[in-house]
Every structure is written in structure tokens, then in C-alpha cells.
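First up is the structure itself, then whatever we jot down about it.
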Amino acid sequence: MKIASWNVNSLNVRLPHLEQWLGAFAPDVVGIQETKLEDHKFPDTALAGLGYRSVFAGQKTYNGVAILARGRAIDDIQLGIPGFEDEQKRVIAATIDGVRIVNLYVVNGQDVGTDKYAYKLRWLEAVHDWIASELQAHPKLVVLGDFNIAPDARDVHDPEVWNDDHILTSTAERDALRRLQSLGLHDAFRLHSDEAGVFSWWDYRQAAFRRNLGLRIDLTLVSDALRDAAVGSGIDQEPRTWERPSDHAPAWVRLAG
DNA sequence: ATGGTGGGATGCCCA
């Protein structure tokens, strides 16, 4: 089973990209972030024509998440973090083929010390507590999404800029990610590679993609029970080369069986 | 250099 995460930065603009990529990459499950679409505008019919069922939670302009599954039922759908009041549509979870999928669009946080940064840390705390109970109920768990955190120095193009005091790499953000992983979640990419400079996001500005000035902030985390099943993981940078691309590339993990 | 590029409920906000 091939499971992927892609921040499309507006599904209105990127539906053709998603359709092309679904045909080329043929993922079994996809978590999508930043759809920026209200639910009545979600292109579920178009995606069904490609063989994908979809569940989604969206809003205008900002945020919006979805899970797609090819030829498989999508069960036990959860929208948002239970018990955590949040206007922003950033979380959707569902069970597919006995695997629990949690799709996160983690708060960006703007800058260290801002209100948005404080919201990011509160939000990550709530995710931690919820995932702890999800793991009890669903040992076969994949937590994927746009984490808006680069795990370590290998995951940034310039560690002097992206340092302990910078947004997306600050100590508190990385500590929150480590704490989440300490529940028993493994960065699938790092199960198979210690390579530096493999990124999933590049700023639209300054020709950053061409110069590979990026970050690896789109992650697929697999639970202890799935660790041995995770036989491959990577980032498909091809869609980032297309016309009018998302600023993110899809991250993926392959589960055996 | 507080810039720069892109999406959208556009003349501003968010990433």
C-alpha cells in the first residue's frame, strides 16, 4: 500500500496537477492539505472518476484537508482534534484497510514569539495527547501531513539560517515533534536514508526550487506496529517541476502487504 | 535588503 501526503496549496488551482499525479504515481491513500475549498466545492466526483473515494473538511481561503483512497472503503472518519476547539480545518483521520491514517496540516506559526507561534505549540500539544489515545485504539497508525517543522539539520538547506531560533526549526517546535515521535512514531524517510538535502518544500521566491533551497517539512510517520512494513519512503519532486506548481512536493511511504 | 512569489473572500492576509 502506497501512502502519500501532499500540500497542494489550493485544490481549485491544483486539481489538474493532482489528477495527473494520481495517474502517474498511483498512490493507494493520499492525505491532502491546503485545499482552501468549502466542502460543497470539493471535486469528489472528478476524483471518483479516477477511482478515488474522498473525505474532506474544508473552508474558504485557508487550510482544508482531505483523505483519498483508491478502490478502498474509508471508515471511522474523524474531523478535527477531539476536545480541542479550532475554527481552522487542519485535521482529518480515517481507517483504510485496517490502517489508521491521521492527516495533519500543522500550524505554520509565522515567527517565533508571535500569537500564531503560541497557537502552533498549543495545537501540537493537543495533537500529542490525541495521538497517544489513537495509538492505543489503532496500533497500525500513520500520521502524515505538512508538519511545518524540519526535523533536523539534514532537512534544511542552510542550518545557519534555519536555526534554533527560526520558525519551522526552533527548539520548541522540534521538541514538540520529538515528543510526538516518542509515542512510538518513526519518520519513514529516515528509516531508509540519512541523506541531507532531500526536501519537500521550496519557497516560490528566488528560484528556490531550481537552486534546491528547500526544507523537508512534509512527513510520513509510522507506528511501531508498522515499522517493519515500511519498506520504502521518499519525496516525489516531479510535480514541483510542472507549470504553476504547488510549493510542496508529495512525501510517500510504502507499506508491504 | 523586512525584500522576494503565489493563492485568494484582494487593495490585504497567509504561507
Side-chain angles (χ1 to χ4, degrees), chain A residues 5-21 30-43 46-47 56-66 80 85-92 103-124 127 144-151 155-158 160-163 165-170 172-174 176-177 199-219 235 237-251:
Chain A
S5 171
W6 194 9
N7 181 323
V8 296
N9 185 20
S10 168
L11 189 50
N12 187 42
V13 173
R14 239 64 76 179
L15 179 59
H17 304 69
L18 178 62
E19 290 175 333
Q20 183 174 341
W21 181 73
V30 189
I32 296 173
Q33 305 88 34
E34 281 205 270
T35 60
K36 303 185 180 179
L37 290 178
E38 291 182 294
D39 291 345
H40 72 272
K41 292 188 173 174
F42 193 89
L47 295 170
F56 39 85
Q59 63 191 101
K60 281 187 208 173
T61 314
Y62 309 118
N63 312 310
V65 286
E85 283 296 314
D86 197 350
E87 301 283 299
Q88 305 189 12
K89 307 294 189 188
R90 296 180 171 278
V91 174
I92 188 167
N103 177 24
L104 304 178
Y105 175 43
V106 175
V107 177
N108 175 285
Q110 191 176 44
D111 278 306
V112 173
T114 62
D115 288 350
K116 288 176 190 165
Y117 184 74
Y119 165 52
K120 181 176 196 173
L121 296 179
R122 276 202 316 279
W123 193 92
L124 288 165
V127 165
L144 55 75
D146 175 359
F147 280 72
N148 270 318
I149 302 170
D155 304 312
V156 307
H157 69 269
D158 185 349
E160 297 206 357
V161 170
W162 299 93
N163 60 29
D165 302 313
H166 202 284
I167 195 66
L168 311 190
T169 53
S170 72
E173 291 168 88
R174 283 174 162 165
L177 177 59
F199 304 134
S200 67
W201 172 84
W202 303 259
D203 200 294
Y204 283 120
R205 294 165 280 195
Q206 318 272 354
F209 179 66
R210 182 178 57 72
R211 301 156 69 203
N212 198 32
L213 306 181
L215 305 176
R216 192 174 68 90
I217 55 178
D218 299 271
L219 310 178
I235 296 162
Q237 299 190 351
E238 219 227 293
R240 190 63 174 78
T241 70
W242 296 347
E243 286 296 314
R244 208 179 179 191
S246 168
D247 45 352
H248 293 254

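Proteins come first, then strands; the chains are lettered A, B, ... in the order of their sequence lines, and each starts at number 1.
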Using a cut-off of 4.0 Å on non-hydrogen atoms, how would the nucleic acid contact of A:Arg90 be classed: base, sugar-phosphate, or nothing?
-> sugar-phosphate

Any side-chain heavy atom of A:Trp201 within less than 4.5 Å of one from A:Asn9?
-> no

Relative to the ring of A:His166, is the ring of A:Trp162 parallel (under 30°), tilted (30 to 60°) or perpendicular (over 60°)?
-> tilted

Step through it carefully: locate the ring centre of A:Trp21, locate the ring centre of A:Trp242, and say whether they are under 6.0 Å apart.
-> no

5' precedence on DNA chain B between A:Val107 and A:Gln59 (nearest-nucleotide basis) = A:Gln59

C1' atoms of B:dA1 and B:dG8, separation to the nearest Å = 27 Å

Whichever of A:Asp203 and A:Asn12 has its nearest DNA chain B nucleotide further upstream toward 5' | A:Asp203

How far does OH of A:Tyr105 sit from CD of A:Gln88, to the nearest 0.5 angstrom?
-> 8.5 Å

Side-chain contact, heavy-atom cut-off 4.5 Å: A:Ser246 with A:Pro239?
-> no

Given that both pair distances must be under 3.5 Å and the pair must be Watson-Crick or G-U, what runs of three or more consecutive pairs involve DNA chain B?
-> B:5-7 with B:13-15

Which pair of heavy atoms, one from A:Leu124 and one from A:Val106, lies closest together, and at what distance?
-> CD2-CG1, 3.9 Å

Between CZ of A:Arg240 and CG of A:Asp247, what distance do you get to the nearest 0.5 Å?
-> 6.0 Å

Touch class at under 4.0 angstrom, heavy-atom based, for A:Phe209 against every strand present | nothing

Sub-4.0 Å heavy-atom contacts from residues 109-120 of chain A onto DNA chain B, ordered by number | A:Lys116

Answer yes or no: are there more than 12 heavy-atom neighbours, outside A:Lys89 itself, under 6.0 Å from its atom NZ?
-> no

Return the minimal non-hydrogen interatomic distance between A:Thr114 and A:Asp111, and the atom names on each side.
-> OG1-O, 2.8 Å

Could you tell me whether A:Asp247 contacts a base, only the sugar-phosphate backbone, or nothing, with contacts defined as non-hydrogen atoms closer than 4.0 Å?
-> nothing

Separation between the C1' atoms of B:dT5 and B:dT10, rounded to whole Å | 15 Å

Non-hydrogen side-chain atoms of A:His17 and A:Glu243 separated by less than 4.5 Å = no

Distance between C1' atoms of B:dA9 and B:dC14 (Å, rounded) | 13 Å

Reading DNA chain B 5' to 3', which nucleotide is the first, and which the last, to come under 4.0 Å of any heavy atom in chain A?
-> B:dG4 to B:dA15

Distance between the P atoms of B:dG7 and B:dT2, in whole angstroms?
-> 25 Å

Is A:Asp158 atom CG crowded by more than 12 heavy atoms from other residues, nucleotides or ligands, each under 6.0 Å away?
-> yes

